[in-house]
Amino acid sequence: MQSGQLDTLFEVLERTEQKNSAGQVKQVWNVIGDFFGEMLPVSTANFVNSGVMGNAIIARIHMRPNDFPELLESHRLRDVDTGKLYDITGILPVEKNRKQAVMVSNGKL
């Protein structure tokens, strides 16, 4: 993969607790960093063969691990250009080009 293909900016969001003025605790998503990645769709054949049911859009994001070294499945990703939110379903190393493939979904499974 060439670095020019990592052309989409993603923000990394983490859920934290925050108290409002009345002292009630609520869950909010805060931006903790960002990285450039490449959004790749998962093929229809792979999606059908996986047996996943539902209406989620499943995709793969390639990124350099050093751009955001502590990415966790509990984080969310937001595409800065479109504002779409993605839940992380898995993080896989891609050994041959020292990248990571982040499996994400948008919607409910």
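In what follows, every heavy atom counts, from backbone to side chain, and hydrogens, waters and symmetry copies are set aside.
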Practice item. Ignoring hydrogens and angles, state whether a donor on the side chain of Ser105 or Asp87 is under 3.5 Å from an acceptor on the partner side chain. Key: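 No, no side-chain donor-acceptor pair sits under 3.5 Å.
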Any chance you could measure [X], atom [atom1], to [Y], atom [atom2], to the nearest 0.5 Å?
X	Y	atom1	atom2	result
Phe36	Leu6	CZ	CG	9.5 Å
Lys84	Asp79	NZ	CG	8.0 Å
Arg60	Thr89	CZ	OG1	11.5 Å
Glu14	Asn30	CD	CG	8.0 Å

Write down the atom of [X], the atom of [Y], and the distance for their closest heavy-atom approach.
X	Y	value
Lys99	Pro65	CA-CD, 3.9 Å
Val102	Ile88	CG1-CG2, 3.9 Å
Glu70	His75	O-CE1, 3.4 Å

Practice item. Begin with the C-alpha distance, continue with both residues' side-chain angles, and end with the deciding distance and a verdict on side-chain contact (heavy atoms from CB on, under 4.5 Å) for Glu17 and Gln27. Key: CA-CA 5 Å; Glu17 291 183 349; Gln27 301 286 326; 3.2 Å; yes
Taking [X] for the side chain and [Y] for the main chain, is one N or O donor matched with an acceptor at less than 3.5 Å?
X	Y	answer
Asn20	Gln24	yes
Asn106	Leu85	yes
Thr8	Glu38	no

Does a side-chain heavy-atom distance below 4.5 Å link [X] with [Y]?
X	Y	result
Leu77	Val104	yes
Gln100	His62	no
Leu71	Val12	yes
Lys19	Val25	yes
Val80	Phe10	no

Exercise for review: Please work out whether the ring planes of Phe35 and Phe68 are parallel, tilted or perpendicular, with thresholds of 30° and 60°.
Suggested key: tilted
Point to revise | Tyr86 reachable from Ile32 in the ILVMFWY side-chain graph, under 4.5 Å edges | key: yes
